[in-house]
**Student:** 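I'd like to ask you about the structure that follows.
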2 protein chains.
Amino acid sequence: MNDRNEVTGQAGASKRKDARRNQETLLETAAAVFVTSGVNAPVRDIAAKAGVGLGTIYRHFPTRADLIIAVYRHQVDACAEAGPTLLATSPSPHAALGQWINLFVDFLVTKHGLAAVLRSDNSDFEALHAYFLDRLVPVCAELLEAATVAGEIRPDIDAYELMRGVGNLCIGADSDPRYDARHMVDLLIAGLRRPHH
Amino acid sequence: MNDRNEVTGQAGASKRKDARRNQETLLETAAAVFVTSGVNAPVRDIAAKAGVGLGTIYRHFPTRADLIIAVYRHQVDACAEAGPTLLATSPSPHAALGQWINLFVDFLVTKHGLAAVLRSDNSDFEALHAYFLDRLVPVCAELLEAATVAGEIRPDIDAYELMRGVGNLCIGADSDPRYDARHMVDLLIAGLRRPHH
DNA sequence: AACGATACGGAACACAGTTCCGCTTTGCAA
DNA sequence: TTGCAAAGCGGAACTGTGTTCCGTATCGTT
């Protein structure tokens, strides 16, 4: 019903047929290139592989960040939606939180360079930041709240900060065999626990 | 007695007078520019502010990373040397570890963009990585070992991984008022504690 | 003073993102 | 079917940044 076509992507039903097809091709090609060459693959490479000109790619996705958002939108949404589900099906809020964070970490770690670009201070990626955070922070906050109410974790944890921290820990997790982001994230989550006794 | 002049910097006593003076000027200027414009300031800016040509800067510091190393070398060394001291003067190894990590975090957080560049997957910065890690990982390992022996922390913590994790958590700590790296690092360090029962 | 080694400056190159605009294709309407 | 304005396309060109190269200037030694 909604066929918007803003920066955040998504093919609508309102544009010319060839334009729609190009957008789809671009999305698929970009996804493929991101897998093999990482999220920082040159725009030219993607354009070339997709068989379109640079102008085309920039018309559909005004900036690299928009392309990245479009490519990963579904997965981010899926992660966000998994939050409430996990909360409902897990034995405890803390367990749900842990599993959800694992989901997020798995996502980030498998996308070469995504975590790094998420943290890039380059203002071009502001839209990327915003999308991830808008979508995931509320979910994280919900899980955190539940765990806090259940008395399982310290009460002073900020969802935004935690997402940032977890995202940061995932930077460079690929491309460095000696660094296991999951391990560090586990430690961080362990640190969330209320000092008990 | 040692007047080496490798990539890692340091004015020796063997070069021409003007060369030595330029190197010193460059170091001072770079330090100043890094403070105001961050570690990613364009090389040209530094050259201009120092009143030298690009060739000069590149002769003295073959790559940006070398310049950064040279500028922060003293501080990194100081941090490394503080490790044993803290271990000797702190009430417990775990306390020493915490203080030492704080030192490191304070250092990183006050250098705009340093943490990010430390983690940049750009191979140009390999030398930077290497220097930081070579210098700090052994110290961290020593503190970790002491804390482990004292039974204060989990036994399976790798110094390299921990340094990486802490460094990562510091990325973007400046330029984002909502994110407090120190807070996240504290959580991580708390997560190190041996789960007691 | 002369001269070779050393160092200097900055033009030029490589490479990335992004903009711009003349040309092509599409789809509607006559 | 044909004509044509709007929509879309391609890629040359521009910007900004790291880095290289080399003709020229400076140093310090003889």
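Worth saying up front: this structure is predicted, and the values here are computed from it rather than measured. To find a chain, count down the sequence lines: A is the first, B the second, and so on, and within it residues start at 1.
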**Student:** Identify whether NZ of Lys or CZ of Arg in B:Arg178 sits under 6.0 Å from the centre of the six-membered ring of A:Tyr160 and within 45° of that ring's axis.
**Tutor:**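 Yes.
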**Student:** Output the rounded distance in Å from CG (B:Asp45) to P (D:dT17).
**Tutor:**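 The answer, rounded to whole Å, is 7 Å.
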**Student:** Once you round it to whole Å, what is the distance between P of D:dT26 and NZ of B:Lys15?
**Tutor:**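 Atom NZ in B:Lys15 sits about 20 Å away from atom P in D:dT26.
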**Student:** For a quick test of reading the model: is some side-chain N or O of B:Thr63 closer than 4.0 Å to OP1 or OP2 of D:dT19?
**Tutor:**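 Yes, B:Thr63 has a side-chain N/O under 4.0 Å of OP1/OP2 on D:dT19.
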**Student:** For the residue pair B:Asp77 and B:Tyr131, confirm or rule out a side-chain donor-acceptor distance under 3.5 Å.
**Tutor:**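 Checked: B:Asp77/B:Tyr131 side chains pair up, N/O donor to acceptor below 3.5 Å.
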**Student:** Using the rule side-chain hydrogen bond (donor to acceptor under 3.5 Å, both in side chains), only one of B:Lys15, B:Glu24, B:Gln23, B:Arg20 pairs with B:His60; which is it?
**Tutor:**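 When B:Lys15, B:Glu24, B:Gln23, B:Arg20 are each tested with B:His60, the side-chain hydrogen bond (donor to acceptor under 3.5 Å, both in side chains) holds only for B:Gln23.
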**Student:** CD of A:Gln23 versus C1' of D:dA7: gap in Å, rounded?
**Tutor:**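 Distance check: A:Gln23 CD to D:dA7 C1' gives 14 Å.
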**Student:** Between A:Asn22 and D:dG8, does any side-chain N or O lie under 4.0 Å from OP1 or OP2?
**Tutor:**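 Indeed not, no polar side-chain atom of A:Asn22 lies that close.
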**Student:** Would you say D:dG8 has OP1 or OP2 under 4.0 Å from some side-chain N or O of A:Thr56?
**Tutor:**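 No.
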**Student:** Take B:Arg119 and A:Asp176 through the salt bridge (charged side-chain N to carboxylate O under 4.0 Å, His left out) test and state the conclusion after the steps.
**Tutor:** CA-CA 10 Å; B:Arg119 198 28 147 171; A:Asp176 187 349; 3.6 Å; yes
**Student:** Please state whether the base of D:dG16 and the side chain of B:Arg44 form at least one donor-acceptor pair under 3.5 Å?
**Tutor:**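 Checked by distance alone, the answer is no.
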**Student:** If you find the nucleotide of DNA chain D closest to A:Ala19 and the one closest to B:Arg59, which residue's nucleotide is nearer the 5' end?
**Tutor:**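 Upstream on the strand: A:Ala19.
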**Student:** On DNA chain D, does the nearest nucleotide to B:Val43 precede the nearest nucleotide to A:Gly51 from the 5' side, or the other way round? Give the residue.
**Tutor:**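 With B:Val43 and A:Gly51 compared, the 5'-side residue is A:Gly51.
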**Student:** Please list, in 5' to 3' order, the outermost nucleotides of DNA chain C lying under 4.0 Å from any heavy atom of chain B.
**Tutor:**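 On DNA chain C, the outermost contacted nucleotides are C:dA5 to C:dA12.
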**Student:** Between C1' on D:dT20 and CG on B:Leu54, what's the gap in Å once rounded to a whole number?
**Tutor:**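 Checked: the CG to C1' distance equals 10 Å.
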**Student:** Where the side chain of A:Ser90 meets the backbone of A:Leu87, is there a donor-acceptor pair that is under 3.5 Å apart?
**Tutor:**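 Side chain of A:Ser90 to backbone of A:Leu87: no pair is present.
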**Student:** What nucleotide among D:dG10, D:dC9, D:dT20 has an atom nearest to a side-chain atom of A:Val52?
**Tutor:**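 Looking only at heavy atoms from C-beta outward on A:Val52, the closest nucleotide is D:dG10.
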**Student:** I want to check something: taking the side chain as every heavy atom from C-beta on, are B:Arg73 and B:Arg135 in contact at a cut-off of under 4.5 Å?
**Tutor:**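 No - every pair of side-chain heavy atoms lies 4.5 Å or more apart.
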**Student:** Does a side-chain N or O of B:Arg64 approach OP1 or OP2 of D:dG18 to a distance below 4.0 Å, or not?
**Tutor:**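 Looking at the OP1 and OP2 atoms of D:dG18, one of them is under 4.0 Å from a side-chain N or O of B:Arg64.
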**Student:** Rounded to whole Å, how long is the line connecting atom CD1 of B:Ile46 with atom C1' of D:dT19?
**Tutor:**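 Computing the B:Ile46:CD1 to D:dT19:C1' distance gives 14 Å.
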